[in-house]
Amino acid sequence: MDEILYYFKYLQPDQITKFEKLKSLYEIYNARVNLISRKDMDAFYLHHVLHSLTISAFVPWKPGCKILDLGTGGGFPLIPLAILYPELEFTGIDGTGKKVKAVEWISEELNLRNVKAIHIRAEEFKGNFHFVVSRAVCSLALLAQYSRHLLHNKYICPLPNGIIAYKGGDLTSEIREIQKQHYYEIWDIHTKFPNPYFEEKKLVYMQD
């Protein structure tokens, strides 16, 4: 939790309380469904919560912005972002029903009114969103394929609507696959969050 308070000094008391409760809620649910590796729970706030929140340093979202977390899994980046941005609308979809139920339960326990979780595959889902975000779900090319029909054609944010993927390691082959079809930018998380964990972590922003 110290990592969150260090980088986000402007949090309101209610937001701090929700972030503080987050780990215990995941521990409770993790006993039933494996949302997070048991080994990784010790680094819960750094590896999962702060990592989810790093997008905030790069994207100037505006109130009313609709964001889809494609393949939300256990609710990352969905739930941390929903706590940080109560004025935005978040939807998370996943093909695994047990994980969607976990997201619903945790959101209810935190009284997050700006979150919807839906059990559905991306190919079957219909909707209009200003941004699609995704964390460690699939390749950039596949993510673009799954997302293009879900992007709204009206902009309300300074950054044009698009797809933002949380990525790590060598992206050479993935970038090669998309560079002719999509405009893209690579944002280095470590430049804004200089923790060793983020040294190879990137955000990739894509547009059709």
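The figures here come from the full heavy-atom set of this structure, side chains too, leaving out hydrogens, waters and symmetry mates. Because the structure is predicted, anything quoted here is derived from the model rather than measured.
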Practice problem: State, yes or no, whether a side-chain contact exists between Trp61 and Ile67 at a heavy-atom distance under 4.5 Å. | Solution: yes
Quiz item: Looking at side-chain heavy atoms only, is the closest gap between Pro160 and Tyr205 below 4.5 Å?
Solution: yes
Practice problem: Dump the intermediate steps for ring pair (Phe, Tyr, Trp, His ring centres under 6.0 Å) on Phe44 and Tyr26, then the final yes or no. | Solution: CA-CA 9 Å; Phe44 175 78; Tyr26 273 92; 5.3 Å; yes
Self-check item: Exercise: do Glu27 and Tyr29 side chains pair donor with acceptor under 3.5 Å
Solution: no
Exercise. Spell out, as yes or no, whether a donor-acceptor pair under 3.5 Å connects the side chain of Asn114 to the backbone of Leu88.
Key: yes
Practice problem: Might you confirm whether atom NZ of Lys66 has over 12 heavy atoms from other residues, nucleotides or ligands at distances under 6.0 Å? | Solution: no
Practice problem: For Lys116, look at atom NZ and say whether over 12 heavy atoms of other residues, nucleotides or ligands are found less than 6.0 Å away. | Solution: no
Quiz item: Is any side-chain heavy atom of Tyr85 closer than 4.5 Å to a side-chain heavy atom of Phe90?
Solution: yes
Quiz item: Are any of the side-chain heavy atoms of His130 and Tyr155 separated by less than 4.5 Å?
Solution: no
Quiz item: Do Ile163 and Leu143 come close enough that some side-chain heavy atom pair is under 4.5 Å?
Solution: yes
Quiz prompt | Side chain to side chain, Leu171 and Lys202, heavy atoms closer than 4.5 Å | solution = yes
Quiz prompt | Greater than 12 external heavy atoms within 6.0 Å of Lys154's NZ | solution = no
Quiz item: With the threshold set at 4.0 Å, does a side-chain nitrogen-carboxylate oxygen contact exist between Glu174 and Lys167?
Solution: yes
Quiz item: Can you tell me if Ser134 uses its side chain to pair, donor with acceptor, with the backbone of Leu70 under 3.5 Å?
Solution: yes
Quiz item: Is it true that the side chains of Thr72 and Asp69 contain a donor and an acceptor less than 3.5 Å apart?
Solution: yes
Quiz item: With a 6.0 Å cut-off on ring centres, are His48 and Phe76 close enough?
Solution: yes
Quiz item: Can you name the one residue among Ile79, Val49, Asp14, Leu110 that meets side-chain contact (heavy atoms from CB on, under 4.5 Å) with Phe19?
Solution: Val49
Practice problem: Kindly check if the number of other-residue, nucleotide or ligand heavy atoms within 6.0 Å of CZ (Arg148) is above 12? | Solution: yes
Exercise. For the residue pair His51 and Lys201, establish whether any side-chain heavy-atom pair is separated by less than 4.5 Å.
Key: yes
Quiz item: Going through the checks in order, is the ring pair (Phe, Tyr, Trp, His ring centres under 6.0 Å) test met by His47 and Tyr197?
Solution: CA-CA 8 Å; His47 291 187; Tyr197 178 69; 3.9 Å; yes
Quiz item: Under 4.5 Å between any side-chain heavy atoms of Lys21 and Thr17, yes or no?
Solution: yes
Quiz prompt | NZ (Lys101) with more than 12 external heavy atoms under 6.0 Å | solution = no
Quiz item: Would Ile156 and Leu159 show up in the same hydrophobic cluster when neighbours are defined by side-chain heavy atoms closer than 4.5 Å?
Solution: no
Self-check item: N/O donor-acceptor pair under 3.5 Å between Tyr166 side chain and Ser52 backbone
Solution: yes
